[in-house]
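Chain letters run A, B, ... following the sequence lines, proteins first and then strands; every chain starts at 1.
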Amino acid sequence: MLTFPYRVGGDAVTIRFPERPDELAAFEEFIRRTSGQILGLDTENTDLHVFGAQFRGRLVQFGTVDEAWCIPVEWGGPYLESASRVLRDPDRKFVVHNAPYDLLVLDRTGLVPLADLGPRVFDTYLLGHLCDPRMLHQGGTGLKLKELSKVYVDPAAADTQDGLHAVFRKEYKATKHTGWAVIDLTHPLYLTYAGLDVIYATRLLRELGTLVKGNGLSKLAHWEHRVQLLTTAMMKRGLRIDPVYTSQLVAQLHDEAARHRSTAAEFGVANVNSNAQVIAALQGMGEEWTETTDSGAPSVSKDVLLPMADLGMQWERLEARAANPVADAVVRAKRASKWADSYAQAFLDKVDDQGRIHPSIRSLAARTARMSVSDPALQQLPSSDWTIRRCIIADPGQLIVAADYSQVEMRVLAALSRDEALMAAIASGEDLHTFTARLVSGAAWEHMDDKARKKARKLFKAVGFGKVYGGGAVTLSRQTGAPLADVRVAVAEYDKAFPGIRAYGRRLQRSAAYGGQEVVTPFGRHLPLDRDRAYAATNYVVQSTARDLLAKALCDLDDAGLSEYVLLPVHDELVCQAPAEDAADVIHTIGRLMESTFGGVAITSEAEVYGPSWGHGYGAAA
DNA sequence: GCGCACCGCGCG
DNA sequence: AAAGCGCGCGGTGCGC
């Protein structure tokens, strides 16, 4: 038996490691002694790619507030069986920090099925987010185990990852990525840190649990655990990739990028990703512009380069003659290589031996509670064009289907602000932005031709977004290209037409000013505001409430036995797959289940059968 | 080899 | 009166 003493929050703690099978008896005695307690749980593995071919589980750690056991499941046999028995005990509950990863590890390595252990796990990440959803750099507590531990458990909480990285380098000639697979299971620092993590998690639960309960967040916490389990099942399910199409697309995009790079090189831009080189070349050609970045350097964003290249804002008009060949080549080369590397190649790199990718889904991520998806970032795939989404395909015999909310944020804003005109506009069933344009135009609307009406609609659509985001006339003018004076008039007219929106924003800011610089959403979520950005209050509440409506829909779907069809949440839509013969039925049922009445406002959705790939919803040929 | 700030860009 | 909101990721450039 290896034993390591340590101190946490002023208390002596012990970390143990059974080196021989007969020492498992002492572990099992620990398990009996702590029956009825919520045990800390964590795993250490070869790497983070749970679905990768070489992935292996190495340690499973169990612990209380002062004692941790590191079980070498990598050694198999009795170690594996002993850990598995504890995990499968239906009366035993656990606390994990970032449960989805460990749940998937334990499922994948056969120790305990996701559906068995999942409902018996508390996640301190979720509790920490409910108490303060901000990252460290946003002025919050941060949400990593170490960050939360420093605030709630022990200001001197050990840097359990960083310390090991030095060991990987010095003792194993490995990197922070490769070290995990090769470090000796009995390495004292490795075991100490592995054990500390479960001790921290257990203590965090004690502190955060009290805080959550005391602030009336228990129901929300329970609900978030359910939502997280549903997104964890989506991570396991994954999405299928079309390998042949994707490989061809990568080659084609690389080819395209290379052509434009060589054009740029002819004009002295050896590296299109070097903004300094691009700026030098353009200035050398006599181009002048005033746009700058936050730090004051000349900006070479699309907003600057596209007009220079005379490409307009629409990629559909790529045939337009290039006015500035450098601007043109740079913007095309960068787009082609980004699409090739960040999207298509990323799919191929992450595909498992079943042809699927398994994105990481954070069910509770943004400070507004929005979900995030990474590895790969499937919520951000280009939608202006079908080519990238075409890489994602349905399983054999199935079709990709989707249901998305209709202008959910505007509807939420109407319900929360109780603005009568906005509620009436939505209730009328007419297109909201056309309704607004007509309302504001008054008698003039009758004399406007179709083109003028469309232009007015576009402007008021932008103004509506500006209201949701808290943006001003200058930004709107820049975004729409409409003259600033016109935008100012439109904003004033909008405020007059929907006075409740501004009043609601002021109400939120006032209550925040007297109530701890935070707003509370209808779902009971506490969202801290930045002192100098109090105007963001409306957006935070609206965005957060829209997220909670989608999360609630996921639970309702699950109650109806339909969650197995869901592949991915994308903020206001659910991307799903269903057997071809009843795909339409399934997605219409899902769409109906997403709908509700919120604060007297109808929250509606649209369901659509896309086809064999995700791209088929964006124009890919059937 | 690694972390960080900055920049730019994809989405809702 | 004025204030665009929220993410993830890849590249550059720089310092350790």
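Side-chain N/O atoms of A:S383 include one lying less than 4.0 angstrom from OP1 or OP2 on B:dG12. For B:dG1, neither phosphate oxygen OP1 nor OP2 lies less than 4.0 angstrom from any side-chain nitrogen or oxygen of A:K173.
For the pair A:Y405 OH and B:dG12 C1', the interatomic distance rounds to 14 Å; values are reported in whole Å. Between the CD atom of A:Q345 and the P atom of C:dG11 there is a distance of 12 Å, rounded to whole Å. Rounded to whole Å, the distance from CG on A:L136 to C1' on B:dC4 is 14 Å. C:dG13 atom P lies 9 Å from atom CG of A:N273, rounded to whole Å. Remark: P of B:dA5 and CG of A:N275 are 18 Å apart, rounded to the nearest angstrom. Counting to the nearest Å, the P atom of B:dG12 and the CG atom of A:L549 are 18 Å from each other. Put simply, CZ on A:R169 is 7 Å from C1' on B:dC2, counting in whole angstrom units. Atom pair A:K302:NZ and C:dG11:C1' shows a separation of 17 Å (rounding to whole Å applied).
The residue A:T538 sits apart from the nucleic acid: no heavy atom pair falls under 4.0 Å. Counting non-hydrogen atoms under 4.0 angstrom, A:D294 reaches the backbone sugars and phosphates but no base.
Remark: A:D572 does not engage A:R547 in a salt bridge, criterion side-chain N to carboxylate O under 4.0 Å.
Between A:W223 and A:F523, the two ring planes are parallel [angle under 30°; tilted spans 30° to 60°]. Between A:F168 and A:H165, the two ring planes are tilted [angle within 30° to 60°].
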Protein-proximity profile, nucleotides 2-10 of chain C, B/S/- by nucleotide at the 4.0 Å heavy-atom cutoff, equals SBBBBBSSS
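In this structure, A:Y343 contributes its side chain and A:P382 its backbone to no donor-acceptor pair below 3.5 Å. Between the A:Q228 side chain and the A:E224 main chain, no donor and acceptor come within less than 3.5 Å of each other.
Between the side chains of A:N271 and A:R261, no donor-acceptor pair of N or O atoms lies under 3.5 Å. A donor and an acceptor atom, one from each side chain of A:H187 and A:E171, are located under 3.5 Å apart. Remark: the A:H260 side chain and the A:T263 side chain contain no N/O donor-acceptor pair separated by less than 3.5 Å.
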Please set out all donor-acceptor pairs under 3.5 angstrom arising from side-chain atoms of residues 465-476 of chain A, sequence neighbours excluded.
{"unit_1": "A:K467", "atom_1": "NZ", "unit_2": "A:D495", "atom_2": "OD1", "d": "2.9"}

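If you take atom C1' in C:dG4 and the same atom in B:dG12, they sit 14 Å apart, rounded to whole Å.
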Pairing pattern in dot-bracket form [Watson-Crick, G-U; both distances under 3.5 Å; | = partner strand] for DNA chain C:
....||||||||||||
